[in-house]
Protein chains: 2
Amino acid sequence: MPKVTSKPTTIEHVDLDVLEDTLSFYIRTMNIAVSRDLDARLDGCEVARGTGKITTLLLVDSHPGIRPSVIAQIIMKDRSAMGRLIEQMIEHDLLRRQTSASERRAQELYVTPKGAELAAMIRPIVTKQSKDFFSFIAEEEQAQVMDILRRAYRKMVGMTGERD
Amino acid sequence: MPKVTSKPTTIEHVDLDVLEDTLSFYIRTMNIAVSRDLDARLDGCEVARGTGKITTLLLVDSHPGIRPSVIAQIIMKDRSAMGRLIEQMIEHDLLRRQTSASERRAQELYVTPKGAELAAMIRPIVTKQSKDFFSFIAEEEQAQVMDILRRAYRKMVGMTGERD
DNA sequence: GGCAAATAGTGGACAAATGCAACTATTTTT
DNA sequence: AAAAATAGTTGCATTTGTCCACTATTTGCC
């Protein structure tokens, strides 16, 4: 039974119905905002727009030889979307691809010099953007949210938490 | 300086570079997952796919006469995107539109009987989906995250926190 | 009163992203 | 040796978002 209010003409008189208490609503909405902001800061940077490019670049940079399918799992894309993303980044001369010697079905990804340079440039930007964007949340609370979401994420993608 | 690990073939040996500590990464990633899950549950429901339809329906239902532009602010879309969304929902006979008597530039939105019915059906689904999806996070922590994100969201869209 | 600026909504064009399903190549199972 | 699983590719249809220009109405100012 929704509480009914009439003809609100400004946002201040609106309540969000059940969405008010729905975590998914806030995740979905904050996503739009934070993504937009990030795109704005990375404007022209060859890795703007859409989730994935940044993660892919950083991941390949710090895990030379990593496979597309592994990245796909991490960013939750299907293989075809992943393939296109990589194709795009190869055309931009950020990545290089070679089929694995041991597993000739699979590929190994490497950054190009240009890719490495961009990764180095982007790393601090991404970190700063997140901090800045959420700056109206206290550091402590940011950490808290992140900690919780990190655990959720890890369970979801099946990371066990062990490092190598 | 990224820590370099070589050729990971499974997700368990991957660390996320700086993204590991980047709140925006988790928001963006969880968004993909939660949206997909929601779409799956609402399959066929006329309001699946993409942020906005659900929020719009619930909002119009609980605020009869609300304006498109107000909803646009809430879900962070531009007016043209909002217009198309509404158009679509009108075609599906979920909403009804009439120009405001006092402000002939503006419109007032109302749910149709079918829209009201759908809203009633959807409300519990949305709530449950969020709870279920995040069920591997303790209730308490869910509430904590939600509380923080809610405040962030409100600041962002310029809600002052007063209710009507 | 009348003109300029702001606000609400519409419409078109265009570039991307997404998801699905079919297809090849390689490896593993049985 | 055949069947099933895995990695990646390709094509297609759908959706989405964005940008920009355009109309209508209202408001503010001179």
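Quick caveat: nothing in here was measured; it's all calculated off a predicted structure. All values below were derived from every heavy atom in this structure, side-chain atoms included, with hydrogens, water molecules and symmetry-related copies excluded. Every chain is numbered from 1, with letters handed out A, B, ... down the list of sequences.
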For the side chain of [X] and the backbone of [Y], is there at least one donor-acceptor N/O pair under 3.5 Å apart?
X	Y	answer
B:E108	B:R97	no
B:T55	B:T51	no
B:Y153	B:I74	yes

**Report entry** Nearest-nucleotide 5' precedence on DNA chain C, B:R84 against B:V70
**Finding:**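 Nearest nucleotide further toward 5': that of B:V70.
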Query - Residue met sooner reading DNA chain C from 5', once A:R79 and A:S102 are mapped to nucleotides - result: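 It is A:R79 whose nearest nucleotide is closer to the 5' end.
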Report task. Return the 5'-most residue of the pair B:M76, A:P68 with respect to DNA chain D, ranking by each residue's nearest nucleotide. Result ->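 Per heavy-atom nearest nucleotide, the more 5' residue is A:P68.
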Could you work out which one of [options] sits closest to the side chain of [X]?
X	options	answer
B:S69	D:dT18, C:dA8, C:dC20	C:dA8
A:Q107	C:dT27, D:dC19, D:dT9	D:dT9
A:S80	C:dT10, D:dT18, D:dT9	D:dT9
B:R105	C:dT7, C:dT28, C:dC20	C:dT7

Please state how far atom [atom1] in [X] lies from atom [atom2] in [N], giving the value in whole angstrom units.
X	N	atom1	atom2	result
B:L38	C:dT18	CG	P	17 Å
A:L85	D:dT9	CG	P	12 Å
B:H92	D:dT15	NE2	C1'	13 Å
B:N31	C:dA17	CG	P	15 Å
A:Q88	C:dA16	CD	C1'	9 Å
B:R36	C:dG19	CZ	C1'	9 Å
B:E108	C:dG9	CD	P	11 Å
A:D78	D:dT6	CG	P	16 Å

Query raised in the report: Do the side-chain N and O atoms of A:S102 and A:S100 include a donor-acceptor pair separated by under 3.5 angstrom?
Result: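 Yes - a donor-acceptor pair under 3.5 Å links their side chains.
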Query raised in the report: Just checking, any donor-acceptor pair under 3.5 angstrom between side chains of B:R79 and B:S69?
Result: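 No donor-acceptor contact under 3.5 Å links the two side chains.
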Any [X] side-chain N or O less than 4.0 Å from OP1/OP2 of [N]:
X	N	result
A:R97	D:dT9	yes
A:R67	D:dG8	no
A:K53	C:dA17	yes

Report task. Scan A:E87 against the nucleic acid and name what it touches under 4.0 Å (heavy atoms): base, sugar-phosphate only, or nothing. Result ->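 Counting heavy atoms under 4.0 Å across all strands, no contact is made by A:E87.
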Query raised in the report: Across the strands shown, which category fits B:A106 at heavy-atom distances under 4.0 angstrom: base, sugar-phosphate, nothing?
Result: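 Sugar-phosphate, no base atom in range.
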